[in-house]
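Everything numeric here is computed off the predicted structure, so don't read it as measured data.
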Amino acid sequence: MNKLKRTLTLTFALVFFIGLVAGCGGGGESAKSRERVIIKVGGRTITSGQFDKRLESLRPGGTSGMSEEESRDLKKDLAAQLIEEELVLAEASRLAVTVSDEELKAEEKRIKEGSGSSALEDEIIKNYGNINAWREELKRKLLIKKVIEDAVGSDIRIKRADIRKYYREHRKDYDIPTQVRASMIVVSTEEEATKLQKELTPKNFADTAAKVSISPEAERGGDLGFFGRGDMPEEFENVVFKIKVGEISDVVKTEYGYHIFFLREKKRGRRLLLSEVKKEIAGKLRRMEEEKRFDAWMGSLKKNTPVEVMEGLL
């Protein structure tokens, strides 16, 4: 459930994803009025129909096939997300923040150009019923994004000293382990493997692998690509990390058959320099500060807005 919870939590990053995601929109006002209200956020409400529609968009089939505990956790997480969205929209109303027609058209154009799909309109109609309903949901998401951007601010400045400090405290995160690139031939019998091993050379290894090896890598001349310790079965690593570049191994028996390895390249492990990762660290520190500001802002909204959840109706 951890991954699912992270997906459902409305963090600063989440609202910047604006695309074909079914929301609470759609349906006429008269239909909504006949549904039971299950969440109240200040003067705003969320009905059972809106909740179920969002649940379906997150997990087709809703909670079918889930345990009672998983179902309860999923619904609680979704309720928390919807509450945060309504708090943001209420703040938009209070601050009179709006989305212009030009902003909406620009975002619609960006999505259509980025989708690269001729069936985009069909997908929109399938998820929303009509184009106008999709545009309303798109406008809603843009509004959420706009309010959060204003609240978090664009004045975040990451100091060089903070980047250096983070690098010192997380140096091990920037260690690149030794990697090797090896090719492999696998055959079914020890007799065949022994005979092949005597005939193999660095020049004919790839062609031989393509002709006789029974492993999936045969079509690539037996090339396993680059890998580090822990990426391959231990029997493989015990061989390829000991032989020299350009050397062909002895026959190795595993549960998969009889193997012969050829070490093509070796990259020595090293630690990335600060100059190589400073942009990455700056981005990480910026996101951390954004999330910190968002959490503080959202905490303030929750503190000052009455929220009621009819848990028996979820």
Side-chain angles (χ1 to χ4, degrees), residues 1-7 11 13 158 160-288 291:
M1 287 294 292
N2 288 338
K3 183 177 180 181
L4 184 57
K5 287 181 180 179
R6 287 197 299 272
T7 302
T11 61
I158 305 302
R160 293 180 181 179
D162 292 333
I163 295 175
R164 290 194 295 268
K165 180 182 177 183
Y166 186 92
Y167 178 75
R168 287 196 304 270
E169 294 176 351
H170 300 83
R171 286 187 179 183
K172 289 185 178 180
D173 293 345
Y174 301 103
D175 285 346
I176 300 178
T178 295
Q179 291 187 313
V180 294
R181 182 185 177 194
S183 294
M184 175 179 71
I185 293 175
V186 186
V187 293
S188 303
T189 68
E190 184 176 11
E191 181 181 3
E192 184 181 5
T194 301
K195 181 180 179 181
L196 278 173
Q197 203 276 342
K198 294 177 180 178
E199 299 171 350
L200 286 170
T201 68
K203 288 186 177 181
N204 69 18
F205 196 97
D207 288 340
T208 304
K211 292 176 183 177
V212 305
S213 183
I214 60 175
S215 69
E217 297 79 17
E219 62 183 25
R220 302 193 301 271
D223 191 359
L224 296 170
F226 279 101
F227 58 90
R229 289 192 180 277
D231 296 334
M232 291 286 182
E234 188 176 353
E235 300 97 324
F236 293 14
E237 294 176 6
N238 288 341
V239 176
V240 296
F241 278 94
K242 290 181 180 178
I243 61 178
K244 299 176 182 178
V245 173
E247 188 175 350
I248 295 172
S249 74
D250 293 331
V251 175
V252 180
K253 181 183 178 182
T254 75
E255 60 181 299
Y256 309 105
Y258 292 86
H259 305 249
I260 306 170
F261 297 94
F262 169 49
L263 185 59
R264 301 167 62 91
E265 298 179 60
K266 191 170 189 177
K267 292 181 180 179
R268 296 289 181 185
R270 71 183 186 93
R271 175 169 290 166
L272 293 172
L273 301 174
L274 176 59
S275 59
E276 296 176 279
V277 297
K278 62 181 180 181
K279 287 185 179 180
E280 175 188 335
I281 294 174
K284 184 176 292 186
L285 292 176
R286 184 180 302 278
R287 289 190 296 274
M288 290 168 61
E291 290 176 7

Check: Looking at CG of N238 and CZ of F261, how far apart are the two atoms once the value is rounded to the nearest 0.5 Å?
Finding: 10.0 Å

Check: Could you give the distance from CG (D173) to CD (E280), rounded to the nearest 0.5 Å?
Finding: 9.0 Å

Item checked: Worked check of side-chain contact (heavy atoms from CB on, under 4.5 Å) between R181 and L224 -> CA-CA 7 Å; R181 182 185 177 194; L224 296 170; over 6 Å; no

Check: In this structure, are over 12 heavy atoms from other groups packed under 6.0 Å from Y256 atom OH?
Finding: no

Check: Do V186 and Y258 have side chains that get closer than 4.5 Å, going by heavy atoms?
Finding: no

Checklist line | OG-CG distance between S183 and L200, expressed to the nearest 0.5 angstrom | finding: 11.0 Å

Notebook entry, point to check: Does any non-hydrogen side-chain atom of F236 lie less than 4.5 Å from one of T254?
Noted result: yes

Next item on the list: Evaluate the side-chain contact (heavy atoms from CB on, under 4.5 Å) criterion for residues D223 and R264: first the C-alpha distance (whole Å), next the side-chain angles of each, then the deciding distance (0.1 Å), finally the verdict.
Entry: CA-CA 9 Å; D223 191 359; R264 301 167 62 91; 4.3 Å; yes

Notebook entry, point to check: Would a 4.5 Å heavy-atom cut-off, applied to side chains only, mark K278 and Y167 as touching?
Noted result: no

Item checked: Heavy-atom check, side chain of I158 versus side chain of Y166, under 4.5 Å -> no

Check: Atom CD1 in I260, atom CG in D250: separation rounded to 0.5 Å?
Finding: 9.5 Å

Margin query: Could you measure the distance from the NZ atom of K267 to the CD atom of E265? Nearest 0.5 Å is fine.
Written below: 7.0 Å

Checklist line | Gap separating the NZ atom of K284 from the CE atom of M288, nearest 0.5 angstrom | finding: 8.5 Å

Next item on the list: State whether the number of non-hydrogen atoms from other residues, nucleotides or ligands found under 6.0 Å of E199 atom CD is greater than 12.
Entry: yes

Checklist line | Heavy-atom closest contact (A282 atom, I163 atom, distance) | finding: CB-CD1, 3.9 Å

Margin query: Is it the case that the side chain of N204 and the backbone of T201 share a donor-acceptor pair, with hydrogens and angles ignored and the cut-off at 3.5 Å?
Written below: yes

Notebook entry, point to check: So do the side chains of P202 and F262 get within less than 4.5 Å of each other, counting heavy atoms only?
Noted result: yes

Item checked: Side-chain touch M184/S213, heavy atoms, less than 4.5 angstrom -> no

Expected list for residues 191-198: side-chain donor-acceptor pairs under 3.5 angstrom, two or more places apart:
unit_1, atom_1, unit_2, atom_2, d
T194, OG1, E190, O, 2.8
Q197, NE2, S249, O, 3.0

Check: Relative to each other, are the rings of F241 and F227 parallel, tilted or perpendicular (30° and 60° limits)?
Finding: perpendicular

Checklist line | Heavy-atom check, side chain of V212 versus side chain of T208, under 4.5 Å | finding: yes

Notebook entry, point to check: What is the minimum heavy-atom distance between R271 and D175, and which atoms define it?
Noted result: NE-OD1, 2.6 Å

Next item on the list: For K244 and L263, run side-chain contact (heavy atoms from CB on, under 4.5 Å): C-alpha distance rounded to whole Å, both residues' side-chain angles, the deciding distance at 0.1 Å, then the answer.
Entry: CA-CA 7 Å; K244 299 176 182 178; L263 185 59; 5.6 Å; no

Margin query: With heavy-atom distances below 4.5 Å as the criterion, would you say the side chains of R270 and L272 are in contact?
Written below: yes

Checklist line | Candidate pair K242 and E237, rule salt bridge (charged side-chain N to carboxylate O under 4.0 Å, His left out), full reasoning | finding: CA-CA 8 Å; K242 290 181 180 178; E237 294 176 6; over 6 Å; no

Check: What is the minimum heavy-atom distance between K266 and V180, and which atoms define it?
Finding: CG-CG1, 3.8 Å

Notebook entry, point to check: Which pair of heavy atoms, one from A218 and one from A209, lies closest together, and at what distance?
Noted result: CB-O, 3.5 Å

Notebook entry, point to check: Got a donor-acceptor contact below 3.5 angstrom from the D231 side chain to the G228 backbone?
Noted result: yes

